[in-house]
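Report on one structure; see the data block that follows.
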Protein chains: 2
Amino acid sequence: MNVTEVERTLGAAEDSCRASGARLTDKRKNVLAVLLRSQKPLSAYDIVDQYSKDYGGPIPAMSVYRMLEFLAKENLAHKLNSENKYLACAHINCNHHHRTPQFLICGSCNKVIEIGIRPEMIEALRDAVKAAGFRLQSSQLELNCLCDNCAKESVTTADS
Amino acid sequence: MNVTEVERTLGAAEDSCRASGARLTDKRKNVLAVLLRSQKPLSAYDIVDQYSKDYGGPIPAMSVYRMLEFLAKENLAHKLNSENKYLACAHINCNHHHRTPQFLICGSCNKVIEIGIRPEMIEALRDAVKAAGFRLQSSQLELNCLCDNCAKESVTTADS
DNA sequence: GCCCTAAATGATATGGTGTATCATAATTAT
DNA sequence: ATAATTATGATACACCATATCATTTAGGGC
Ligand SMILES: [Zn+2]
Ligand SMILES: [Zn+2]
Ligand SMILES: [Zn+2]
Ligand SMILES: [Zn+2]
């Protein structure tokens, strides 16, 4: 995400927090900015490193964890539980209500996109779970994938 | 799983390994037995602890990780990536070919069951992923759930 | 059985992830 | 201003996982 887009998205994040009565402090905003500028999900310690580069001073890992917790609660960032990494929400600039996201994770280049699978499919999943004697609590999915780019690469490589 | 079932399952695991030319050594078998006797998924270090209790001597964590890797490759155990825990495959005694499993994880009591979601649903998921510019690599799902037991409990608790 | 090789296991060190706890600073409410 | 609440910092520690090199064990040809 380029500088202009980051600025605009941070503005939208401020609006969103103002609306919900949450306090988007400078440091929380900086952590979000680090995520927005990153092409890939970052671990908490990745963020610590990048933060000190971007903002000229260290930040305690403990604080980063708390800020990520805050950002996640506000749906400004999400945690990939299967990867122990974090990424900015793709819908900060959108007005629609935020629904539970699904993530497609490229196992080769680590690119991740946030999608919304059709509600009927999620309901079908919920039914399948119910039939097995469980209740689905979260429809956040993290799917091991290849992005089309890497899929093409791997074919090329296999051919050579 | 009771002692008799464990014995029978270990026998099936031996058969399976013989068939595939893999070596199910005593220690690998013991690690599998620890998983079979557990009602819940275990971390590698949980296994280290339980192993030394069950077999009267310590085992290096490093070895446990390698044995789990072996068991996973042979489809005798699976790793829950979202939990960093391991569990025995539920189908060791079955003759059918092992398909990629889906796991329902109770967030309250940690019970986990291994299910197989209908292939048509997996295909629908694959299509949705493809439409987003990715290719689904693994259909292993780990779903945050409540088991019916815990779901009932939490209702009761909420009422009180 | 003996020797060679490959596979499995052990020992040690180190890095990555996450939380608990208590102290301090900043914000908000009265 | 003062007090209460919230946010941040500092420190310690627990847990998860891998890298590397040494040692032991198992199989196969002789
Ligand atoms: Zn989102
Ligand atoms: Zn890719
Ligand atoms: Zn299985
Ligand atoms: Zn339960």
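A, B, ... follow the sequence lines: proteins, then strands. Residue 1 opens every chain.
- Here the closest heavy-atom approach between residue B:Gln140 and residue B:Ser138 is recorded as N-OG, 3.0 Å.
- Rounded to 10 degrees, the angle between the two end axes of the helix from C:dG1-D:dC30 to C:dT30-D:dA1 is 30°, with five pairs used at each end.
- Considering every non-hydrogen atom in both B:Asn110 and B:Pro41, the closest pair reads O-CD, 3.5 Å.
- Considering every non-hydrogen atom in both A:Pro119 and A:Arg99, the closest pair reads CG-NH2, 3.6 Å.
- Reading DNA chain D from its 5' end, the first and the last nucleotide to sit under 4.0 Å from a heavy atom of chain A are D:dT6 to D:dA10.
- Taking the side-chain contact (heavy atoms from CB on, under 4.5 Å) definition, one finds that B:Asp148 meets it with A:Arg135, sequence neighbours left out.
- The distance between atom CD1 of B:Ile59 and atom C1' of C:dA8, rounded to the nearest whole Å, is 11 Å.
- Against DNA chain D, the stretch residues 16-26 of chain A makes heavy-atom approaches under 4.0 Å through A:Arg23, A:Thr25.
- Of the side-chain N and O atoms in A:Tyr86, one or more sit less than 4.0 angstrom from OP1 or OP2 of C:dG18.
- Considering all non-hydrogen atoms of both residues, B:Cys145 and A:Val129 come closest at SG-CG1, 3.8 Å.
- For the pair B:Asp54 and B:Arg37, the salt-bridge criterion is met [side-chain N within less than 4.0 Å of a carboxylate O].
- A side-chain hydrogen bond (donor to acceptor under 3.5 Å, both in side chains) check over residues 58-77 of chain A, counting only residues at least two apart or in different chains, returns the pairs A:Ser20-A:Glu74.
- Contacts with DNA chain C (heavy atom under 4.0 Å) in residues 30-51 of chain A: A:Ser43, A:Tyr45, listed by number.
- Hydrophobic clustering (ILVMFWY, side-chain heavy atoms < 4.5 Å, transitive): B:Val112 and B:Leu36 are in distinct clusters.
- For residues 104-123 of chain B, the pairs satisfying salt bridge (Lys or Arg N to Asp or Glu O under 4.0 Å) are B:Arg118-B:Glu120, B:Glu123-B:Arg126, with sequence neighbours left out.
- Considering only residues two or more places apart in sequence or on other chains, A:Asp15 meets the salt bridge (Lys or Arg N to Asp or Glu O under 4.0 Å) condition with A:Arg18.
- Contact record, A:Met1 with A:Thr9: SD-OG1, 3.8 Å, taken as the closest heavy-atom pair.
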Hey, can you pull the donor-acceptor pairs under 3.5 Å for the side chains in residues 79-91 of chain B, sequence neighbours left out?
unit_1	atom_1	unit_2	atom_2	d
B:Ser82	OG	B:Glu142	OE1	2.6

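- Near DNA chain C, meaning a heavy atom under 4.0 Å away, the residues from residues 60-85 of chain B are B:Pro60, B:Met62, B:Ser63, B:Arg66, B:Met67.
- Within the structure, ring pair (Phe, Tyr, Trp, His ring centres under 6.0 Å) pairs that include any residue of residues 101-144 of chain B comprise B:His78-B:Phe103 (at least two apart or interchain).
- Taking all atoms of both residues into account, the shortest heavy-atom contact from B:Leu32 to B:Ala13 is CD2-CB, 3.7 Å.
- Residue pairs satisfying the ring pair (Phe, Tyr, Trp, His ring centres under 6.0 Å) criterion with at least one member in residues 10-52 of chain A, sequence neighbours excluded, are listed as follows: A:Tyr51-A:Tyr55.
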